[in-house]
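What follows is a set of notes on a single structure, which appears directly below.
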2 protein chains.
Amino acid sequence: MEIDQILNNIYPLPESSKSVIKKYISEISYPKGHILLRAEKIETSIYFIKKGIVRAYANSADNEITFFFGKEGDTVISMKSYVANEKGYEDIELLENCDLYELKTQNLQQLFEKDIAIANWGRKFAEQELIKTEERLIFREFRTAKERYIELLTNNADLIKRVQLGHIASYLGITQVSLSRIRAEVK
Amino acid sequence: MEIDQILNNIYPLPESSKSVIKKYISEISYPKGHILLRAEKIETSIYFIKKGIVRAYANSADNEITFFFGKEGDTVISMKSYVANEKGYEDIELLENCDLYELKTQNLQQLFEKDIAIANWGRKFAEQELIKTEERLIFREFRTAKERYIELLTNNADLIKRVQLGHIASYLGITQVSLSRIRAEVK
DNA sequence: CGTATTTTTTATCATTTGTAAAATTTTCCT
DNA sequence: AGGAAAATTTTACAAATGATAAAAAATACG
């Protein structure tokens, strides 16, 4: 997906503001398996996915939980670094070879102070991510694991094809063994 | 909590921008039990809590889930109405008599287009809500129900005193019976 | 192509959480 | 204060999910 479309999907920008942002955006590719963002670091870049798929996961003592998948057109970001300039809680791993657009947070922050259209673009970006996160938080509680799987299968069939089931299970909030049971039932 | 402090806690605004916002803010009180925002409506106001406590809950076929508590200094908002101008998924119920500051969304949206400091204030507001929501989504998965209860007890003791346990249980993602079992253990 | 590695499935048993209903306590109202 | 209503706790049982181990299948790679 091209950068113009990605920026516009978040919030339509006047051409002048868009070309200002684009001055600070560069393209970069990394191979499958690369860790793009790290939980222990204050990250200084955000990325937009041109091609490929990534996952965000957080670790506690004994287990690892995948809580986000990003694909073409999605933004990859350590929200904690971006918002609070603090270490995040997530690693981001590339699940395929990826082509990315990179933007330094610092440059974006400066644009927020100077260009009101870009400030509102940043506002819309946060608002949209917020809606998505809030919906996930709420609707997870309303559905059983099986229903959540079927919903993912219906709305994001490609995700299930492109991502290994252990990560999907974690994203759904169940064990891989449970997911396997569900799949046997649903078939 | 006074409106100046509430606005500033989100993001420090220059005096000029703050007085512009304050022109559009009025005070209003409602009694315990009042439904401030409704799921079936596109809401046209947002509120800041001067005094009192509220809960947001969503309904599905058979059950109701509380997913947010707001108290002094917090913002009460139908995020779906505010962001997308669509019906939300939540009702907001006042759990005590409340004193509120009211701001019409439409007025705020107009200020976003004209005043860059206010646009960045709106951006920061969404970003901070996003961080809070994301943390809840992630860390819920890492802790057992008992750990989540103890955490709430430690960090929000007043909430447990001010809110009935059925709502607390729902917020923690468990049944009231489960919470009762946990409380018997923890005591 | 064949072997090693990774991923997925299956089976068993233990634990957690839910459902339903009754008992108890607290709150509210006159 | 007294009684009704609401909230909370307790109990017994059922269902869902987790943990563990091992087998089967798919994939990677020399």
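Where A:Q176 and B:V177 meet DNA chain C, the nucleotide closest to each residue was compared, and A:Q176 sits on the side nearer the 5' end. Of the two residues near DNA chain C, B:S178 and B:K32, the one whose nearest nucleotide lies more 5' is B:S178.
Within the 4.0 Å cut-off from OP1 or OP2 of D:dG18, at least one side-chain nitrogen or oxygen of A:T175 is found. Contact check, B:R181 against C:dT17: no side-chain N or O comes under 4.0 Å of OP1 or OP2.
Atom CD of B:E64 is separated from atom C1' of D:dA7 by 14 Å (rounded to the nearest Å). Atom pair A:I174:CD1 and C:dT15:C1' shows a separation of 17 Å (rounding to whole Å applied). Taking atom CD1 of residue B:I182 and atom P of nucleotide C:dT16, one finds them 11 Å apart after rounding to whole Å. For B:E96 and C:dC28, the CD to P distance is 12 Å, given to the nearest whole Å. Rounding to whole angstrom units, OH of residue B:Y149 and P of C:dT16 are separated by 19 Å. Straight-line distance from the NZ atom of B:K161 to the P atom of D:dA7: 21 Å, rounded to whole Å. A:E185 places its CD atom 12 Å from the C1' atom of D:dT17, with the value rounded to the nearest Å. A:I160 places its CD1 atom 14 Å from the C1' atom of C:dT8, with the value rounded to the nearest Å.
Of the candidate nucleotides C:dT9, D:dT10, D:dT8, C:dT9 has the atom nearest to the side chain of A:S180. Considering only side-chain atoms of B:Q164, the nucleotide from D:dA7, C:dG18, C:dT8 that sits closest is D:dA7.
Side-chain atoms of B:D115 do not come within 3.5 Å of backbone N or O of B:L111 as any donor-acceptor pair.
Between A:Y82 and A:F112, the two ring planes are perpendicular [angle over 60°; tilted spans 30° to 60°]. The aromatic rings of A:F125 and A:W121 sit parallel, their planes meeting at an angle under 30°, below the 60° perpendicular limit.
When heavy atoms are screened at a 4.0 angstrom cut-off, A:L179 is found touching no nucleic acid atom at all.
Checking A:E102 against A:S45 by side-chain atom types alone, a donor-acceptor pair falls below 3.5 Å. Between the side chains of A:R183 and A:Y149, a donor-acceptor pair is found at a separation under 3.5 Å.
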